[in-house]
Chemist: 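One structure is given below, represented as structure tokens, and several questions about it will come after.
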Protein chains: 2
Amino acid sequence: MTSTDTEMEGHKAAVLLEHTRNAVDPHLRAAVETLPGAIRRVAMYHFGWQNADGTPASGQAGKAMRPALVLAAARALGGDAQAAMRAAVAVELAHNFTLLHDDVIDEDTTRRHRPTAWALFGVPDAVITGDALLALALRLLANDPHPASGQAATRLSTCVIELCAGQQADCALEERGPDDVTLDECLAMAMAKTGALLGCACALGALYAGAGEREVDAMDGFGREAGLAFQLIDDLIGIWGDTARTGKPVGADLTAHKKSLPVVAALTSDAPAAAELAALYRGAMNTPAEVRSAADAVDRAGGRDWAQIAAADRMARAVHHLSRALPAPADAGELLALAEFVTRRTH
Amino acid sequence: MTSTDTEMEGHKAAVLLEHTRNAVDPHLRAAVETLPGAIRRVAMYHFGWQNADGTPASGQAGKAMRPALVLAAARALGGDAQAAMRAAVAVELAHNFTLLHDDVIDEDTTRRHRPTAWALFGVPDAVITGDALLALALRLLANDPHPASGQAATRLSTCVIELCAGQQADCALEERGPDDVTLDECLAMAMAKTGALLGCACALGALYAGAGEREVDAMDGFGREAGLAFQLIDDLIGIWGDTARTGKPVGADLTAHKKSLPVVAALTSDAPAAAELAALYRGAMNTPAEVRSAADAVDRAGGRDWAQIAAADRMARAVHHLSRALPAPADAGELLALAEFVTRRTH
């Protein structure tokens with residue numbers, strides 16, 4: 001693509017995401033407002049609709065990427081996006097269930113520039129609210145008279161189990177030493193933790209459009225591979241930064257000793273820099289010079305190139321899956337724009 | 001009932017529970033065995049099927065009260081218990097999801113005479129395994145071709161939200177002072193935390209028997225009221241003990257400053273002993289003499305009598321609901337035996 005094409009795709013995705021947020025938010029909010037009082041309050045805070053004291057807030061509840069994939073997939077397959085709204089809301093609720101629990105498990109204290117729910121309301125309220133969002137997501141589907149809702153609930157609950165496995169694997173990997181991880185298990189973890197729900201979102205859109213198993217699986221594959229491309233780009237940003245766009249400082253993941261994909265690619269390479277990197281990972285790595293050395297070692301050991309090539313490869317696989325689901329290229333426009341956007345090649 | 005009748009009911013319930021455990025366990029285990037490796041291991045430990053090191057254990061996975069209610073309700077309404085097996089397994093999985101998370105939240109270190117999952121595997125693994133059991137429970141129903149499965153999934157997910165609200169209310173009540181709780185909110189909490197899932201179990205059995213809304217709701221009411229009767233008896237045992245039967249030492253709930261139902265009934269009474277009890281609850285209450293004084297104050301303030309009368313009243317309400325669902329008394333035998341058993345009037 002030329003850079004003008006890319007800018008147009010980026011613009012298209014941004015408009016689509018804003019559209020989706022506006023269309024989905026009232027339904028998402030109506031669902032959250034059915035929760036019992038104290039749980040509702042934590043959820044309203046988490047979604048950015050309320051401040052800690054319960055007063056209204058104008059904050060944004062994320063980018064609505066997953067609902068946008070549900071609705072775009074439904075439209076692409078000739079379905080009625082409005083009829084797939086419950087599926088879009090269910091996927092967004094399931095995503096936020098994982099955010100609430102992951103923040104507890106990872107002890108992250110900040111999300112979207114605010115204290116995380118557990119940091120503010122305590123671990124019990126954050127765990128309980130996450131549980132309730134998961135039950136609410138699956139209740140929306142169980143309750144939906146749409147003929148695809150049963151299959152959608154099966155897919156979403158299967159996906160949640162995969163998300164759990166991904167989060168579990170992430171915790172386990174972080175506890176192991178830098179010489180004790182393989183690239184394959186890190187890729188499998190990223191696919192489970194990030195790819196699975198993007199794939200599920202696309203698959204649910206396809207199901208709600210009345211698509212057959214082959215199209216649904218191809219849509220799932222598209223979302224999964226785009227999700228992995230996203231993770232690879234995100235991991236590159238976690239090392240070399242993109243403060244202008246994301247606010248993530250250079251070296252953030254290195255300071256945190258995160259075993260991100262480029263790091264593990266470097267650690268498991270034959271290059272001499274792999275041993276340097278492993279030594280840095282065994283130490284404190286809290287001075288700017290050490291962080292620069294580590295980033296340099298990832299680069300020299302081939303981790304940076306590998307991740308860039310792998311991201312492009314995953315995007316190619318995503319496009320291939322999409323072409324199986326949607327033989328007419330014109331139908332793929334929205335989904336491609338979203339995939340380009342999510343991998344931050346365009347903004 | 002005469003004491004011989006009571007003994008027979010107790011024997012009947014014990015046989016029925018053992019039968020249910022034997023019938024349900026292979027299906028429960030097959031469901032758990034579909035979970036990904038590390039999560040499966042925590043779940044197999046939690047259910048008592050494996051030791052911490054992954055070797056087989058002969059431990060019992062609880063009494064199977066909830067599956068027994070599902071299957072007995074299905075049979076009582078003329079349904080095929082075997083066809084309701086998935087519902088029985090789903091309810092048991094949902095119950096164990098709450099146990100895993102409640103142990104984390106309440107920081108309980110022992111369950112069924114073994115370390116709790118979080119105490120052994122850490123908070124992340126216990127939270128994640130609970131999440132996976134909930135998703136698995138709802139997947140079993142989403143996946144079930146039985147015509148009642150959609151309504152059952154709606155009921156179970158609604159019930160899980162109520163269980164979350166009950167656990168949240170429990171945490172909030174425990175943080176408040178002894179003068180700052182009402183009996184009504186404690187009863188509502190106990191209904192949400194204990195009654196709701198017993199009611200849901202009975203309702204799911206009715207749904208799977210093809211019963212109409214009126215019978216399903218009456219079955220739900222039966223389970224809920226029996227559940228509240230159970231909680232009241234359990235709270236009495238938590239103060240005056242029943243070490244021979246339950247292993248619970250005398251005064252356990254008092255030492256833990258638990259605001260159980262008899263305690264709150266006493267605290268909110270007009271009796272002079274209410275102030276004595278409040279004063280003891282504001283202190284450390286860790287000597288045997290203080291615990292005896294507190295138990296005595298609950299008694300003198302009328303908390304013990306109130307709880308015994310309330311438990312009998314709740315059982316009467318349960319029986320009334322049951323007679324609405326099952327006009328022929330002969331059909332009610334199993335469910336009544338289970339309700340008698342769960343309230344520990346017979347063992």
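Values below: every heavy atom of this structure, side chains too, minus hydrogens, waters and symmetry copies. Just so we're on the same page: letters track the sequence lines, and every chain starts at 1.
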Chemist: Can you name the closest pair of heavy atoms from A:C164 and B:A132 and give their distance?
Modeler: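 Closest heavy-atom pair between A:C164 and B:A132: SG-N, 3.8 Å.
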
Chemist: How about A:E175: does its CD atom have over 12 heavy atoms from other parts shown lying under 6.0 Å from it?
Modeler: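 Atom CD in A:E175 is not crowded, with 12 or fewer foreign heavy atoms closer than 6.0 Å.
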
Chemist: Is the closest side-chain heavy-atom distance between B:L134 and A:L134 below 4.5 Å?
Modeler: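 A side-chain contact exists here, since the closest heavy-atom pair is under 4.5 Å.
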
Chemist: Run the numbers on A:R139 and B:T154 for side-chain hydrogen bond (donor to acceptor under 3.5 Å, both in side chains), then give the verdict.
Modeler: CA-CA 5 Å; A:R139 183 172 72 176; B:T154 301; over 6 Å; no

Chemist: Please report the interatomic distance CD(B:Q168) to CD1(A:I128), rounded to the nearest 0.5 Å.
Modeler: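 Answer for the CD-CD1 pair, B:Q168 versus A:I128, is 5.5 Å.
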
Chemist: So which residue, B:V160, B:D125, B:L156, ends up with the most heavy-atom pairs under 4.5 Å with chain A?
Modeler: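 Of B:V160, B:D125, B:L156, B:D125 has the most heavy-atom pairs under 4.5 Å with chain A.
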
Chemist: Given the options A:L140, A:D131, A:T34, A:L138, which has more heavy-atom pairs under 4.5 Å with chain B than any of the others?
Modeler: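 Option with the greatest count: A:D131.
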
Chemist: Could you check which of B:D102, B:V42, B:L133, B:I39 has the highest count of heavy-atom pairs closer than 4.5 Å to chain A?
Modeler: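 Of the candidates given, the most pairs with chain A belong to B:I39.
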
Chemist: Would you say that B:L136 contacts A:S157 through its side chain, given a criterion of any heavy-atom pair below 4.5 Å between the two side chains?
Modeler: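 Contact flag for B:L136/A:S157 side chains = no.
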
Chemist: Answer whether the closest heavy-atom distance between the side chains of A:L35 and B:I161 falls below 4.5 Å.
Modeler: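 A side-chain contact under 4.5 Å exists here.
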
Chemist: Mind checking whether B:I105 and A:V127 have side chains closer than 4.5 Å, heavy atoms only?
Modeler: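 Touching, per the 4.5 Å side-chain cut-off.
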
Chemist: With a cut-off of 6.0 Å (strictly less than), are more than 12 heavy atoms of other residues, nucleotides or ligands near CD of A:Q50?
Modeler: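 Above 12, so yes.
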
Chemist: Using a 6.0 Å cut-off, check whether atom CD of B:E107 has over 12 heavy atoms from anything other than its own residue.
Modeler: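 Not buried by this count: 12 neighbours or fewer within 6.0 Å.
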
